[in-house]
2 protein chains.
Amino acid sequence: MATIKDVAKLAGVSVATVSRVLNDYDNVRGETVQAVKKAIKELDYHPNFLGRTLRRLETTKILVVVPTISNQFYSRVVKGIQTAALAEGYHAMIAITNSDPVVEKEFIDMAKRKLVDGTIFLHTTMDAGKLSKFAASYPAVSSCELVPEADISTVSIDNFQAALDAVRFLIEQGHQRIAFVCAGELYHSSQLREKGYRAALEEAGLPFRPELIFNEGFTFNAGRRAAKRLLELPELPDAVFATSDSAAIGVISELSNHGLHVCEDISVMGFDNNQIAEYYLPSLTTVSQPQFDIGHKACELLIKKIRDLACENECILLPHKLEYRNSVKKRRVL
Amino acid sequence: MATIKDVAKLAGVSVATVSRVLNDYDNVRGETVQAVKKAIKELDYHPNFLGRTLRRLETTKILVVVPTISNQFYSRVVKGIQTAALAEGYHAMIAITNSDPVVEKEFIDMAKRKLVDGTIFLHTTMDAGKLSKFAASYPAVSSCELVPEADISTVSIDNFQAALDAVRFLIEQGHQRIAFVCAGELYHSSQLREKGYRAALEEAGLPFRPELIFNEGFTFNAGRRAAKRLLELPELPDAVFATSDSAAIGVISELSNHGLHVCEDISVMGFDNNQIAEYYLPSLTTVSQPQFDIGHKACELLIKKIRDLACENECILLPHKLEYRNSVKKRRVL
DNA sequence: CAAGAAATTGTAATCGTTTACAACTATCAT
DNA sequence: ATGATAGTTGTAAACGATTACAATTTCTTG
């Protein structure tokens, strides 16, 4: 493998001059530049990044810690991150943790060991204390699934308001017994959405029924499990609000297996607005999150942090939107 | 940021000794080890990876070049890669190119500049010449979407045989007019599958009808477009074989919009066996690819290459399998 | 207790680059 | 011819680790 020395020797100049050519300095004579470029080509030389990185102490890489990429939600956020990163000359590297703290720790180590300039967490298993401490010493941003009380810049939607809006809509359509499929205490977003759900019931004067809360998770199978349990209730709900599109589809799938027609017999609403929400039959009424923008903004905040670790933390909420499709029964207009 | 020097000073030893402690050498006195570890803890020191990497000229990172992660197919392959990598002490980093040659080039540069030890392409925009040249100088493996004639280790399924099996199955179920939704010349896999499709027709003595070939692509919308065109045919086909599950679902969705019932009125078969194939209504009969295993094997081959760049190239074909579900009409048993 | 062996530690070179600084060359006004 | 100036180029010291080799200390044994 050719190094800068080989190039220097072949071009008959010093390594410093080669380096200057490589970095487009304008204080090198035209002829010299040509000679160096010729040597580079001849040797098929590619500067070793580690040398530069070590010297400059910057990698122009950022790490994105993701629980999974099977979920389209995250893949869209990642795309937003990557776009913003590229625009500023950074490269986004994705680390999939499967929410395994051990794996996550390994990747965080990469950040601590300066293999990347900064880290974006789309979900972390760290608690507020650990995360705050990490963010104090290394550029980092938390997004999507936040850690309450952590001292770090964040980007997400207003999960409380989004759920409130969704359930309000269901109520407006005449639904009263509304089941809620959520992911439990482990996910802050789920808790906030549950608060929104309750707030909507309360403002409409509807009773909160604990038996309609299904703490099963975000996945398709979680939705299925919830639907199975729900079908055993003495009285069926009018509507189901699931905190993810996957779970919503799991619900629909299971209800269909039992001969129920979603929309006609029972309404189902999702969350996220993944592609599947649009493509499913019936297409899914859902809460749309600006996934790309979330990623984009998170990356911008991170780069700000990379440039000035001491800069003020920002907590950004981006707007959500209801997406009206065919899984929710419309109020009959009299 | 603390460096090894700071630790050495605080512990009252040389940097060499600290390094030995860091790397678990057994020729350091117990007390010294303790002193060094204490200093490390006190300074919250994390060895800078770049120093080590530069010295050892290995990064223990591998790069996975992916066109997209929105497609579950790739995310499962990536999971296989990551698992195999971790088992050998490597970390997989994912680079999303959107099949943009410029972006891909940037990431390939990372490999050339030694920021990673090796590269796995799940799809590349390079031609055979470029890819072969790259693979000759840098550890690399090509997988999933291969480049014909390229000199590089590969892992995939036997796309010809898989399509042959699929179409044979459709024919066995009594279908005769079988449409084919594929991705055209850009994708070698698609071409091979078309050959398999033709071979199956031929061996059954069925005519090949060019008007039943729909070169639209792998996506949901590709499937929709194909279905739209297909609905304008003077005579409807009995079955549609799509080269991806997404496209198959696009077909189903569009056909449903026109009041056709998939399975009863027309059969649809997919390819890949993504989660959606199982979850869709109707669930999708499809060709299952061993996605995890493909990734796993590809990573193994890559690590072999990293350890010995000159080792023989291997071209591995993994077994596929038909997954029988509810989108294909069964032959009536008389 | 001396001498050699073994265990432990330190010194300094090294990986491939960047960059401060010095040094050299050419140009030009005086 | 001289000195100042600007434009090029080279020298050598970083960056933060690892590691060959040398040096030191400790242990063993006759």
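As the structure is a computational prediction, the values presented were derived from the model and not from experiment. In what follows, every heavy atom counts, from backbone to side chain, and hydrogens, waters and symmetry copies are set aside. Throughout, a chain's letter reflects where its sequence line sits, starting with A, and its residues are numbered from 1.
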Task: Minimum heavy-atom distance between B/Cys311 and B/Lys305, given as atom pair plus value - done: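 That closest heavy-atom pairing would be O-NZ, 2.6 Å.
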- [ ] Indicate the atoms forming the closest heavy-atom contact of A/Ala136 with A/Leu309, along with that distance.
- [x]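 So the two residues come closest at O-CD2, 3.6 Å.
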Task: Close approaches to DNA chain D from residues 34-52 of chain A, in residue order (heavy atom, under 4.0 Å) - done: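 Going residue by residue through residues 34-52 of chain A, none turns out to have a heavy atom under 4.0 Å of DNA chain D.
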Residues 84-93 of chain B, side-chain donor-acceptor partners within the protein, below 3.5 Å, at least two apart:
residue, atom, partner, partner atom, Å
B/Glu88, OE1, B/Arg307, NH2, 3.1
B/His91, NE2, A/Glu106, OE1, 3.1

Open item on the list: Under a 3.5 Å cutoff, is there a donor and acceptor pairing between the side chains of A/Asp44 and A/His46?
Closed with: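 Present: a donor and an acceptor within the cut-off.
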Task: Side chain of B/Arg55 - closest among C/dT19, C/dT14, C/dT8 - done: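 Nearest listed nucleotide: C/dT14.
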Just the rounded figure in Å: distance from [atom2] of [N] to [atom1] of [X].
X	N	atom1	atom2	result
A/Arg56	C/dG16	CZ	C1'	13 Å
A/Leu54	C/dC15	CG	C1'	9 Å
B/Lys5	C/dG10	NZ	P	16 Å
B/Arg29	C/dT9	CZ	P	5 Å

Task: Plane angle bin for A/Tyr187 and A/Phe218 - parallel if under 30°, tilted between 30 and 60°, otherwise perpendicular - done: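 Taking A/Tyr187 first and then A/Phe218, their aromatic rings stand perpendicular (interplane angle over 60°).
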TODO: Answer yes or no for B/Lys61 and B/Phe49: cation-pi contact, defined as NZ/CZ to six-membered ring centre under 6.0 Å and angle to ring axis within 45°.
DONE: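 That pair qualifies as a cation-pi contact.
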Open item on the list: I want to check something: taking the side chain as every heavy atom from C-beta on, are B/Thr32 and B/Val28 in contact at a cut-off of under 4.5 Å?
Closed with: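 Sidechains of B/Val28 and B/Thr32: in contact.
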Task: Stretch residues 14-25 of chain B: residues that reach within less than 4.0 Å of DNA chain C through a heavy atom - done: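 Contacting residues: B/Ser14, B/Ala16, B/Thr17, B/Arg20.
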Task: Pair A/Lys304 + A/Glu314: basic N to acidic O under 4.0 Å - done: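 Between A/Glu314 and A/Lys304 there is a salt bridge, with a charged N closer than 4.0 Å to a carboxylate O.
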Task: Salt bridge present between B/Asp109 and B/Arg113 (N-O < 4.0 angstrom) - done: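 The answer is yes: the pair qualifies as a salt bridge.
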Open item on the list: With a 6.0 Å cut-off (strictly less than), is the heavy-atom count around CD of A/Glu149, excluding the residue itself, greater than 12?
Closed with: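 For A/Glu149, atom CD is not crowded (no more than 12 foreign heavy atoms under 6.0 Å).
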Task: chain B footprint on DNA chain D, 5' to 3' - any atom under 4.0 Å from a heavy atom - done: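 Using the under 4.0 Å cut-off, the span is D/dC15 to D/dT19.
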Open item on the list: Applying side-chain hydrogen bond (donor to acceptor under 3.5 Å, both in side chains) as the test, list every pair that has at least one member in residues 124-145 of chain B; sequence neighbours left out.
Closed with: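 Those involving residues 124-145 of chain B are B/Glu104-B/Thr124, B/Glu104-B/Thr125, B/Glu145-B/Ser189.
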TODO: Would you work out how much the helix from C/dC1-D/dG30 to C/dT30-D/dA1 bends between its ends, with each end axis defined by five base pairs, to 10 degrees?
DONE: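 Here the helix ends are tilted 60° relative to one another.
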Open item on the list: So A/Thr53, base contact, sugar-phosphate only, or nothing? Heavy-atom distance under 4.0 Å.
Closed with: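 Counting heavy atoms under 4.0 Å across all strands, no contact is made by A/Thr53.
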Open item on the list: Nearest 0.5 Å, please: how far is NZ in B/Lys114 from CD in B/Glu58?
Closed with: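 Answer rounded to 0.5 Å: 11.0 Å.
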